[in-house]
Amino acid sequence: MSCMSGKKVRTRFAPSPTGFMHVGNLRTALYAYLLAKSQGGDFVLRIEDTDRARYVEGAVQVIYDTLARAGLRHDEGPDRPGDCGPYVQSERREIYGKYAEELVRKGSAYYCFCGKQEPAEEGDESVTDASEVCPCCGMDPVEAAKRASSGEPFVIRQKIDRSGVSVFTDAVFGEITIENKVLDDQILLKSDGMPTYNFANVVDDHLMGITHVVRGSEYLSSTPKYNLLYRAFGWELPVYVHLPLIMGRNAEGEISKLSKRHGSVSFENLLAEGYLPEAVVNYIALLGWSPKSDQELFSLEELVERFDVSGLNKSPAVFDYGKLRWMNSEYIKRLSPEEFAAAAHPFAALPEKLEPVWGKIASLLHQRTELLSEIPQKIAFLAELPSYETDLFFNKKSKSSPETAKAVLAELLPRFEALEEMAREAVGKLIEDYAEAHGVKLGQPMWAVRIALSGLPVTPGGPGEIMEILGREESLKRLRAALERL
RNA sequence: GUCUUCAUCGUCUAGAGGCCUAGGACACCGGGUUUUCAUCCCGGCAACACGGGUUCGAAUCCCGUUGAAGAUGCCA
C-alpha cells in the first residue's frame with residue numbers, strides 16, 4: 001500500500017538528471033507545485049535516473065539549484081527526507097524488480113528473451129506493429145523463470161489484452177478513448193534490471209501517494225497502458241493533468257516543438273542571458289495557463305493563490321522571447337536601486353576606472369534595461385568612444401545635422417571648458433540656454449552633444465549625466481574631437 | 001503509415017449559444033510628456049482555419065476537410 005494515506009493532494013516533479021533544466025520541464029514543475037500548494041498539499045521531488053547511459057555528473061545539483069532559484073520548494077526529495085524514500089530511482093531497483101515479478105505471477109507481465117531490436121534505419125517509415133505479439137508471451141511461465149534465473153538476459157514486458165477500448169478522463173483534455181489493439185507489450189524492466197520510465201513511474205507514483213499526475217501531453221496516448229498497470233496491481237488511479245506542449249521558433253521563423261532534447265532554452269541559459277528568475281517563472285506560468293483576468297504580473301505567492309486547473313489550456317503554446325523580455329524589464333524596474341545595482345554588476349564587465357562610479361551608472365541603467373546581458377554594450381562607450389560616422393548627427397525630429405551640430409559644439413565647447421565640474425545641472429543649463437538663444441528645439445543641442453560624447457543615438461542618461469561620469473577631461477576631449485571632425 | 005490530441009489577432013490569451021460591430025497583453029505603427037534618445041502615458045493596426053449542419057440565434061454544440069503536434073524506444 002501507499003506510504004501516505006488520507007486525501008491530501010500530493011504532486012511530484014520527476015526530472016531525469018540531464019545537466020540542464022529545459023523550460024518545459026520547469027513549467028511542469030511549476031504547475032505541479034502550484035496545484036499542490038493551492039490545495040495545501042505536498043510537492044515531491046523524485047529523480048528519474050534509470051537510464052544509466054544518460055547519467056551526467058552533477059546534474060542532480062542543477063535540479064536542486066533550479067528549483068531553489070525558481071522558488072519551488074519541495075516538501076520531500078533526496079535532500080529532504082520524507083516517508084516515501086528513497087527518492088532516487090536508481091536506489092529503488094529492488095522495489096521495481098519485486099513489483100515486476102508480482103505482475104508476472106499475476107499474469108499481467110512476462111519474461112522476454114528476444115534480445116534488443118535494432119533501431120530502424122533513418123527515414124524508414126516502417127514501425128513496429130502493436131498487434132504483433134512477442135513470441136515469448138506464450139511461453140510456459142515455469143520454463144521462462146528457469147531460463148531467467150539461469151542467467152540468460154531477459155526483459156519483462158507488460159502483457160496487454162488487445163480487445164476492447166480504454167477510456168480515461170484527463171483534467172485538462174477530458175475523456176480520452178483509445179482502442180487496446182494499438183497498445184504494445186511495452187518493456188517494464190530492462191535487461192540491466194532497471195525499470196523503464198513507464199513502469200517506474202506507476203510504481204513510484206503509487207508508492208509515494210501521488211494523487212495528481214502532472215506531465216506533458218506527450219504521455220496522453222500511453223496513459224491507458226499505465227492504467228492497465230494500476231489495475232493489475234489493484235491500485236487506485238491518480239488524477240491526470242496533462243499539459244499542452246511548448247513550441248519554439250527556429251531561425252527560419254518556422255514553428256516547431258521546443259525540443260527538450262535540444263535544450264536550447266534552459267533555465268540556466270535564460271538566467272545567464274540576464275533574465276530574472278522571477279520573470280521566467282511568471283512568464284512560463286502564463287504559457288498554457290490563464291488566470292482568466294487581465295493581470296499578467298504575478299508573484300509566486302499570487303500564482304499559488306490564483307492557480308486553478310480550469311485555467312489550463314489544451315493547445316500548444318509558442319515560447320516568445322519578446323514577451324519574456326518585456327516581462328523581464330517589468331521585474332527589473334520593480335527592483336530597488338540597490339537590488340538592481342547588485343544584480344546588474346556581474347553582467348556589467350566594468351573596467352576598473354569606472355568601478356567607483358558604478359552606482360551612478362547603475363541608476364541610469366535601471367529604468368532602461370530589459371536584459372542584464374545587454375548592459376556591457378550599453379555602457380561600453382563610457383570606457384572608450386566608439387568610432388562613428390558623422391551622419392549620426394542627422395536627426396529628423398530635432399532637426400539636427402552635422403552642420404547644426406558643428407554650430408552647437410563650437411559655441412558650447414568654450415562654455416563647458418569654463419565649468420569647473422561637469423555637473424548634470426550646470427551642463428543642462430548651458431544646453432538649455434543655447435536652445436533658447438537660437439530658438440531651436442532643445443533636442444538639437446542635446447543630440448549634438450550626446451553624439452559627440454558617446455557616438456551613439458541612444459544612451460543611458462543624457463549629456464549632463466554622461467559628462468558627470470566621464471569627468472571633465474575626458475568629456476572635453478571627446479567634444480573637441482567631434483568639433484574637429486565637423 | 002497507424003493511433004491520440006489540438007485549432008480566436010504575428011505571439012500569449014479572454015470567450016463555456018445571445019453581454020462579441022470578439023476583450024487584454026507583447027510586438028509593430030502614430031501622438032503626447034520628458035533637459036535629448038530611452039522610460040512613461042495615450043491612440044491605432046490586427047484573429048474566430050475552411051465547409052456543412054443543429055438553433056430564432058454559433059467563436060461557442062455536431063459532422064467533415066485542412067493544418068499542426070504528440071505517441072508508436074531496453075529515452076524520459
Euclidean distance for [atom1], [N] against [M] (whole angstrom):
{"N": "B/rA27", "M": "B/rU11", "atom1": "P", "value": "16 Å"}
{"N": "B/rC40", "M": "B/rG1", "atom1": "P", "value": "49 Å"}
{"N": "B/rU66", "M": "B/rG10", "atom1": "P", "value": "23 Å"}
{"N": "B/rC6", "M": "B/rU65", "atom1": "P", "value": "16 Å"}
{"N": "B/rC12", "M": "B/rG51", "atom1": "P", "value": "24 Å"}
{"N": "B/rA25", "M": "B/rG44", "atom1": "C1'", "value": "16 Å"}
{"N": "B/rG31", "M": "B/rC45", "atom1": "C1'", "value": "15 Å"}
{"N": "B/rG52", "M": "B/rA16", "atom1": "P", "value": "26 Å"}

Identify the nucleotide, in any strand shown, that forms a Watson-Crick or G-U wobble pair with [N], with both distances under 3.5 Å; if there is none, say none.
{"N": "B/rA68", "result": "B/rU5"}
{"N": "B/rU21", "result": "none"}
{"N": "B/rG51", "result": "B/rC63"}
{"N": "B/rG44", "result": "B/rC28"}
{"N": "B/rA14", "result": "none"}

From [atom1] of [X] over to [atom2] of [N], roughly how many Å is that when rounded to an integer?
{"X": "A/Ile379", "N": "B/rC37", "atom1": "CD1", "atom2": "C1'", "answer": "18 Å"}
{"X": "A/Trp447", "N": "B/rC37", "atom1": "CH2", "atom2": "C1'", "answer": "6 Å"}
{"X": "A/Gln186", "N": "B/rC74", "atom1": "CD", "atom2": "P", "answer": "10 Å"}
{"X": "A/Leu365", "N": "B/rA38", "atom1": "CG", "atom2": "P", "answer": "17 Å"}
{"X": "A/Glu370", "N": "B/rC26", "atom1": "CD", "atom2": "C1'", "answer": "11 Å"}
{"X": "A/Arg215", "N": "B/rG70", "atom1": "CZ", "atom2": "P", "answer": "17 Å"}
{"X": "A/Ile160", "N": "B/rU72", "atom1": "CD1", "atom2": "C1'", "answer": "12 Å"}
{"X": "A/Asn328", "N": "B/rA27", "atom1": "CG", "atom2": "P", "answer": "13 Å"}

Taking the side chain of [X] as heavy atoms from C-beta outward, which of [options] is closest to it?
{"X": "A/Lys323", "options": "B/rG24, B/rC74, B/rU13", "value": "B/rG24"}
{"X": "A/Ser290", "options": "B/rU13, B/rC74, B/rU11", "value": "B/rU13"}
{"X": "A/Met446", "options": "B/rA27, B/rU35, B/rC12", "value": "B/rU35"}
{"X": "A/Leu245", "options": "B/rU11, B/rG70, B/rC37", "value": "B/rG70"}
{"X": "A/Ile176", "options": "B/rG70, B/rU5, B/rC74", "value": "B/rU5"}
{"X": "A/Asp320", "options": "B/rA38, B/rA69, B/rC26", "value": "B/rC26"}
{"X": "A/Glu296", "options": "B/rU35, B/rG24, B/rA71", "value": "B/rG24"}

Show the distances under 3.5 angstrom between N or O atoms of the protein and N or O atoms of nucleotides 48-51 of chain B.
none

Next item on the list: Give a yes or no on this: more than 12 heavy atoms of other residues, nucleotides or ligands lie within 6.0 Å of atom NZ of A/Lys378.
Entry: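 More than 12 heavy atoms, drawn from other residues, nucleotides or ligands, come within 6.0 Å of this atom.
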Hey, is the side chain of [X] pairing donor to acceptor with the base of [N] inside 3.5 Å?
{"X": "A/Tyr219", "N": "B/rA76", "value": "yes"}
{"X": "A/Lys292", "N": "B/rA14", "value": "no"}
{"X": "A/Ser191", "N": "B/rC74", "value": "yes"}

Notebook entry, point to check: A/Gln444 or A/Gly311: which one's nearest nucleotide on RNA chain B is closer to the 5' end?
Noted result: A/Gly311
Next item on the list: For A/Phe173 and for A/Asp192, find the nucleotide of RNA chain B with the closest heavy atom, then tell me which residue's nucleotide is more 5'.
Entry: A/Phe173
Look at all strands and tell whether [X] reaches a base, only sugar-phosphate, or nothing, counting heavy atoms closer than 4.0 Å.
{"X": "A/Glu425", "result": "base"}
{"X": "A/Ser293", "result": "nothing"}
{"X": "A/Asn313", "result": "sugar-phosphate"}
{"X": "A/Arg424", "result": "base"}
{"X": "A/Gly462", "result": "base"}
{"X": "A/Gly288", "result": "sugar-phosphate"}

Checklist line | Aromatic contact, A/His242 with A/Phe173 (centres under 6.0 Å) | finding: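 Centroid distance A/His242-A/Phe173: not below 6.0 Å, so no.
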Phosphate-side-chain proximity, [X] and [N], N/O vs OP1/OP2 below 4.0 Å:
{"X": "A/Lys190", "N": "B/rA76", "result": "yes"}
{"X": "A/Asn25", "N": "B/rA76", "result": "no"}
{"X": "A/Thr50", "N": "B/rA76", "result": "yes"}

Check: So, is the end of the A/Arg147 side chain (NZ or CZ) under 6.0 Å from the ring centre of A/Phe113 and within 45° of the ring's axis?
Finding: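 Verdict for A/Phe113: a cation-pi partner in A/Arg147.
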Parallel, tilted or perpendicular: rings of [Y] and [X] (30°, 60°):
{"X": "A/Tyr321", "Y": "A/Tyr275", "result": "tilted"}
{"X": "A/Tyr219", "Y": "A/Tyr226", "result": "tilted"}
{"X": "A/Tyr283", "Y": "A/Phe319", "result": "perpendicular"}

Note to self: Is there a salt bridge (charged side-chain N to carboxylate O under 4.0 Å, His left out) between A/Glu278 and A/Arg334? Walk through the geometry before answering.
What the structure shows: CA-CA 11 Å; A/Glu278 296 79 9; A/Arg334 284 165 173 71; over 6 Å; no
Notebook entry, point to check: Is A/Glu432 salt-bridged to A/Lys429, cutoff N-O under 4.0 Å?
Noted result: no
Next item on the list: Using a strict cut-off of less than 4.0 Å between a Lys/Arg side-chain nitrogen and an Asp/Glu carboxylate oxygen, indicate whether A/Lys323 and A/Asp320 qualify as a salt bridge.
Entry: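 A/Asp320 and A/Lys323: not salt-bridged.
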Item checked: Nearest-0.5 Å distance, CD1 of residue A/Ile284 to CZ of residue A/Phe267 ->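 Atom-to-atom, A/Ile284:CD1 and A/Phe267:CZ are 7.5 Å apart.
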Check: In Å and rounded to the nearest 0.5 Å, what is the CG to CD1 distance from A/Asn180 to A/Ile160?
Finding: 7.5 Å
Margin query: Between A/Tyr87 and A/Asp204, do the side chains contain a donor N or O and an acceptor N or O under 3.5 Å apart?
Written below: no
Next item on the list: State, without any angle test, whether A/His438 and A/Gln444 hold a side-chain donor-acceptor pair at a distance under 3.5 Å.
Entry: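 No pair is found: no donor N or O on one side chain lies under 3.5 Å from an acceptor on the other.
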Taking N or O atoms only and anything under 3.5 Å, show me the protein contacts with nucleotides 39-41 of chain B, one pair per line.
| residue | atom | partner | partner atom | Å |
| --- | --- | --- | --- | --- |
| B/rU39 | O3' | A/Lys333 | NZ | 3.2 |
| B/rU39 | O2' | A/Gln367 | O | 3.4 |
| B/rC40 | OP1 | A/Lys333 | NZ | 2.7 |

Next item on the list: Could you tell me which non-hydrogen atom of A/Arg162 sits nearest to which non-hydrogen atom of A/Asp184, and how far apart they are?
Entry: NH2-CA, 3.9 Å
